[in-house]
Every structure is written in structure tokens, then in C-alpha cells.
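Below is one structure, written out as C-alpha cells; the observations come after it.
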Amino acid sequence: SQVRELVGSSDRLAARFPDAGLPAEQLAEIMNRYGDVTDVYPLSAVQEGILMHELLDETGEHYLVHAAWLLSGATIEAVSGAWRELVAGNPMLRTAIAWDVDRPVQVVSGTVDALIEVADQAFRGDPLAAARAHLQERRRSPLPLTADSLIRMSVVRSADSDSLIVAWEFHHVLLDGWSMSMLWADFLRLVAADRVRGAPEPPPYRDFVSWMRDRSGAAEFRQWRQYLAGFRRPTPLPLPAPASPVAGYAEQADALDAGMSGRFLDRARLLRITPSTMAQAAWALTLRSGTDDDVVFGITMAARPETLSGSERMVGLLINTVPVRVSFDGVASAGAWLRGLQADAIAMADARWMSLRSIRRAAEVPPKMPIFNTILVYQNYPQARSDALIYAEPLLSVERTHFPITLVVWIGANSVLGWRFTIDTALADRAHTTALSARFRAALEALVDDDGRTVADLSAVVRGSGRALQ
């Protein structure tokens, strides 16, 4: 059989895929299963973590991303051709995950079928409502994690105009938001060209996997142990547990108005801190209950360091999620406190690439407890621009994590600060979602309207905003 023939050439297989770290028999099985294999290499630590949570999730919801846009001025033929060209030119879009082996690996194929589906029925009326209904339907038949390609596209025609709803579905283990933004920009250029246009492949993602593997040394471990010393229990959720848990998710999106957003950004510039640090401070104030001296939550950040050649152009999952510890000194001024948070982040800069699994070993939190129950995702990746002949309007995106509360914050193209909460209603009370968002808004505005306040003043303002969360 083909498998026995491949096993017989074990030396050649091992030499061809030296980083796979798998026995020849398993490499042979991979070759037989996927056919035109061009590379086999390990997952990054972040990929391994996401894969574990996907495999444990019985709902099929976690880490499966759906995004939809409205395209005007394009034909289905042009869109389909652009999609095939995009998949052909990006190895990560031709990557599968093999986990039923000694260690999970990613398997790159030279060619795969670009997954495209065109809905039978055209939509009428509101594109946003149509996109929401389409994505809900797609989630009933999720893209299997066993697929040769972990991304697919679907298209819905408009019955009223020449517009199309274009939806992408992919497993987060494959791509991050920065990569998706770059791919969408390339896709729009290909659609506008309406013909095959070759482009150089991005730098290989395997370079990032190797780079991250070298970031978990003894020095970084000591930094995290010192940073988390004395923190022994995860910060409680800011919402009560539901009286009758119901499987599902609640979402709440909101934004500051243009004037307050401008003042928010001005305040960050005045203090010489990043908008991300301001958002982290606001979330810490929202999480704080009573007289807690400090809180810990997770932050997901881009991992595209200048020391990794070509990282800004790589397509893949180049992120890391690490703990953020925020201490509260009630007598400190708000400005000094914020600058201190920025200084803490700078001090931990060399250790922030360490895997969460390794950081977990450095923490004093009991082994069966998480370090944190909530994460903040600050999106700061470049946004795609539409071609002059193609109008592309983002409609919505949907992603679930395994955390009870996920907060995504962004600065939009119009410099307006927006955010979205996603809450697991089996673990936190849906009824308090609006109040949680209102409290986060109050924290943001309190940081902007400093007026000589101390940290204790800020905490009092936030706790006194809106109705109680507990």
C-alpha cells in the first residue's frame, strides 16, 4: 500500500519534515490523508491552547469566527475567482490541523479546493439583518476542524441591487484579526482586478512558531513569578452567576461619541500612554469590587515583533494572551496611576511573548483555577481600504471564546472608540449585560474627566454608576 511504501522511506520523510517531531508511520499517514503535502510543523503555544479548547467544546461555538461584509460593484464570478486566487497564494489558507498524532501539527497542502458556497435564495431589505440570519444559519453547520482548509467563503446575492453579502468562516487557530484584515485587503484588490493576479507569498508562519519557541526561558519565567507574586485567587466576575444557567451568549456593543472619543485619545497623548493602557485601566476599574487592592485579567495582543523579520506581513495566528495585574493605590493621582500601568507593561515587554501555559506554572493560583476569567482584546491592526470601484462595508463579526466574559475594544476608522462584550450566559447573568457596559463607559469617561481625581475617587465614581451588578 501507499502507507507501507511511505513508511519504507522514513529517512526521507524525516529529512523532509524535520520539525514535525513525529514517527515515520504517523508522517506517512499524514501524507496519505492529505495528499499534496508541502510542509508539516508544530503548532505555536497559542494554537495549542485554542485547539485544546475547541476539542473540549461540545457546542462547536468556541474559536470559530464568522465575519460578513456588503460588497457593491462586484460580480459573483469576480468574487469567486478572487477567493480561489487568495487561497492559492496563502499557505495558511491551505493548512489543516492534525491532532490525532503524538503531537499536534499543522499540515500545509500545495493545493486545496477553495471552499465557496453561493446561497440559493437572494436577500431583500436590510443587509445587516440578512447577514445576521445568514451567519446564524452557517453556525448550524460549522466548518469541521478536520477539513483540509480551515476557512470557507459564502455569498448571498441581493434581490434589490447589485450588492453581495460576502461571509468568511474560519477557525481562530488559523488566523488572527491582523491577518484577516490583510487578507481582506488583498481579496478586494483581486476582486477589483477581476482576473488572476499573482502576488508573492507572505513570509512563512513557521518562522513565528520557531521564534515563539525561544521566548520561554528562565529569565522570562522569573519575571512572571515576581509579577504575579502574592496573587492567589482569580478576580471574581463582575456579574452574578445566573439563577437558571442557560447555554448561549449575550452580546452588548456600544461606543463613545465622537467628542468623548477625541478627548479620550487626547488624554492618552497628554499622559504619553497608549489608548490600550487607558482601556485596560477602565476594565480594571470595572472589575474591581469593594476594597480589592488589585485585579488580574487577560489581554490578547498582537505578537509581531520588530526582531522577527517580515512579521508585519505574516499570515497566521500571531497573538499572545497574558495576564495583566492592576494594583490600586487609592491616594495616587489618576495620571500617576495610568503612567504606572504603562511602565509596568514596558517592564514586562521582554516576557510578554512567553506562552500562557508557562506563565501558569509561574503563578501562585491553585492548579485547578485559572489565572483570570475575563480577557480584553484591543484591536489595533490596519484596516482594509476599498478599491475605488468596489464598495465594501463591514456588517458584523461573531466569535466566541471559552472565557466567561470577553471584551473587545477598538478605535474605528472615524477615530471613535467602540467596544463589545460577549458573555457566556451559562456562567454570568445575561440580565446585567447592559449594566456592565454602562459601568465600563463610566470608567472610560472618568479617566477622561480626571480633574485632579485620585484612584479612590475614580473607583467611587465607577461603583456609583448605573444599577448594581451584584
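Throughout, residue positions are numbered sequentially from 1 according to the sequence presented. Because only heavy atoms are used, hydrogens play no part in the values below, and waters and symmetry mates are left out as well, while side chains stay in.
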Notebook entry, point to check: Heavy-atom distance under 4.5 Å between the side chains of Glu445 and Val461, does that happen here?
Noted result: no
Note to self: side chain to side chain contact (heavy atoms under 4.5 Å, CB included), that's the test. Do Leu317 and Ile50 meet it? Break it down for me.
What the structure shows: CA-CA 10 Å; Leu317 187 70; Ile50 288 179; 3.7 Å; yes
Item checked: Qualifying residues under salt bridge (charged side-chain N to carboxylate O under 4.0 Å, His left out), relative to Arg263, sequence neighbours excluded -> Asp449
Next item on the list: Specify the closest pair of heavy atoms between Val112 and Ser109, including all atoms of both residues, with the distance to one decimal.
Entry: CG1-CB, 3.8 Å
Margin query: Please give me the minimum heavy-atom distance between Pro104 and Leu51, naming the atom from each residue.
Written below: CB-CD2, 3.8 Å
Note to self: Taking the side chain as everything from C-beta on, heavy atoms only, tell me whether Arg206 gets closer than 4.5 Å to Val108.
What the structure shows: no
Next item on the list: Give the ring-plane orientation class for Tyr41 versus Tyr205, where under 30° counts as parallel, over 60° as perpendicular and anything between as tilted.
Entry: tilted
Check: Is Thr286 reaching over with its side chain to a backbone N or O of Ala282, donor-acceptor style, under 3.5 angstrom?
Finding: yes
Check: Is the side chain of Trp178 donor-acceptor paired with the backbone N or O of Met314 at a distance under 3.5 Å, no angle test?
Finding: no
Margin query: Tell me the closest heavy-atom pair linking Val79 and Leu71, and the distance in Å.
Written below: CG2-CD2, 4.1 Å
Check: Are any of the side-chain heavy atoms of Ile30 and Val105 separated by less than 4.5 Å?
Finding: yes
Notebook entry, point to check: Within the distance-only criterion (no hydrogens, no angle test), does the side chain of Asp57 pair as donor or acceptor with the backbone N or O of Glu61 below 3.5 angstrom?
Noted result: yes
Checklist line | Residue list, salt bridge (charged side-chain N to carboxylate O under 4.0 Å, His left out) with Asp429, at least two apart or on another chain | finding: none
Margin query: Could you tell me if Asp207 and Ser210 have a donor-acceptor pair between their side chains, going purely by distance under 3.5 Å?
Written below: no
Next item on the list: Please assess Glu169 against Arg152 for the test salt bridge (Lys or Arg N to Asp or Glu O under 4.0 Å), listing each intermediate value before the final yes or no.
Entry: CA-CA 5 Å; Glu169 174 187 356; Arg152 67 181 177 185; 2.6 Å; yes
Next item on the list: Report yes or no: does Gln106 contribute a side-chain atom to a donor-acceptor pair with the main-chain N or O of Pro42 at less than 3.5 Å?
Entry: yes
Notebook entry, point to check: So, does Ser158 use its side chain to make a donor-acceptor pair with the main chain of Ser161 at under 3.5 Å?
Noted result: yes
Note to self: With side chain to side chain contact (heavy atoms under 4.5 Å, CB included) as the criterion, how do Thr300 and Thr401 come out once you've worked through the C-alpha distance, each side chain's angles and the decisive distance to 0.1 Å?
What the structure shows: CA-CA 12 Å; Thr300 299; Thr401 74; over 6 Å; no
Next item on the list: Determine yes or no for a side-chain-to-main-chain donor-acceptor pair under 3.5 angstrom, with Ser261 supplying the side chain and Leu417 the backbone.
Entry: yes
Notebook entry, point to check: Measuring from Leu427:CG to Asn373:CG, what's the distance to the nearest 0.5 Å?
Noted result: 9.0 Å
Next item on the list: Verify, without hydrogens or angle tests, whether Asp148 (side chain) and Asp113 (backbone) share a donor-acceptor contact under 3.5 angstrom.
Entry: no
Item checked: Side-chain heavy-atom pair Trp184, Val166 within 4.5 angstrom cut-off -> yes
Check: Out of Arg139, Arg138, Glu399, Arg400, which residue meets the side chain to side chain donor-acceptor pair (under 3.5 Å) rule with His66?
Finding: Arg139
Under 3.5 Å donor-acceptor pairs involving side-chain atoms of residues 119-128, not counting sequence neighbours:
residue : atom : partner : partner atom : Å
Arg124  : NH1  : Asp160  : OD1          : 3.3
Asp126  : OD1  : Leu128  : N            : 3.2
Asp126  : OD2  : Ala129  : N            : 3.4

Check: Under 30°, 30 to 60°, or over 60°: which ring-plane class applies to Phe421 and Trp283, parallel, tilted or perpendicular?
Finding: tilted
Item checked: Derivation of the side chain to side chain contact (heavy atoms under 4.5 Å, CB included) call for Thr321 and Phe372 -> CA-CA 11 Å; Thr321 299; Phe372 46 81; 4.0 Å; yes
Notebook entry, point to check: Taking everything shown except Arg272 itself, do over 12 heavy atoms lie less than 6.0 Å from its CZ?
Noted result: no
Notebook entry, point to check: CZ of Arg233: more than 12 outside heavy atoms within 6.0 angstrom?
Noted result: no
Margin query: How long is the straight-line distance from CG of Leu318 back to CZ of Arg304, given to the nearest 0.5 Å?
Written below: 4.5 Å
Note to self: Parallel, tilted or perpendicular, judged at 30° and 60°: which one describes the rings of Phe440 and Trp419?
What the structure shows: perpendicular
Check: For Val455, does its backbone N or O pair with a side-chain atom of Ser459 as donor and acceptor, under 3.5 Å?
Finding: yes
Notebook entry, point to check: How are the rings of His53 and Tyr63 set to each other: parallel, tilted or perpendicular (split at 30° and 60°)?
Noted result: tilted
Item checked: Between CG on residue Leu356 and CE on residue Met354, distance to nearest 0.5 Å -> 10.5 Å
Check: Taking only residues two or more places apart in sequence, or in another chain, which ones meet Arg360 in a salt bridge (charged side-chain N to carboxylate O under 4.0 Å, His left out)?
Finding: none
Next item on the list: Tell me whether the guanidinium CZ or amine NZ of Arg325 lies under 6.0 angstrom from the six-membered ring centre of Phe231 and within 45° of its axis.
Entry: no
Checklist line | Approximate separation, where rounding is to 0.5 Å, of Leu174 CG and Ser149 OG | finding: 7.0 Å
Next item on the list: Ignoring hydrogens and angles, tell me if any N or O in the side chain of Thr425 forms a donor-acceptor pair with the backbone of Gly248 under 3.5 Å.
Entry: yes
Item checked: From CA spacing to verdict: side chain to side chain contact (heavy atoms under 4.5 Å, CB included), Val326, Arg288 -> CA-CA 10 Å; Val326 179; Arg288 190 185 188 194; over 6 Å; no
Note to self: Taking salt bridge (charged side-chain N to carboxylate O under 4.0 Å, His left out) as the definition, give me every residue that meets it alongside Asp254, ordered by chain and number, with sequence neighbours left out.
What the structure shows: Arg441
Next item on the list: Measure the spacing between CG of Leu285 and CZ of Arg439 and express it to the nearest 0.5 Å.
Entry: 10.5 Å
Checklist line | Any pair counted as side-chain hydrogen bond (donor to acceptor under 3.5 Å, both in side chains), so long as it reaches residues 88-100, sequence neighbours left out | finding: Arg33-Asp100, Arg94-Glu201
Item checked: Which atom of Val365 lies closest to which atom of Pro370, heavy atoms considered -> CG1-O, 3.5 Å
Check: Under a 4.5 Å cut-off applied to non-hydrogen side-chain atoms, are Ile299 and Val322 in contact?
Finding: yes
Check: When rounded to the nearest 0.5 angstrom, what distance separates CD1 in Ile319 from CE in Met301?
Finding: 10.5 Å
Item checked: Nearest heavy-atom neighbours spanning Leu396 and Ala131 -> CD2-CB, 3.6 Å
Checklist line | Given Arg339, Arg267, Gln280, the one that forms side-chain contact (heavy atoms from CB on, under 4.5 Å) with Ile273 | finding: Arg339
Note to self: Between Gln342 (side chain only) and Thr274 (backbone N and O only), is there a donor and an acceptor less than 3.5 Å apart?
What the structure shows: yes
Checklist line | Considering all heavy atoms, the nearest Pro202-Gly89 contact | finding: CD-O, 3.8 Å
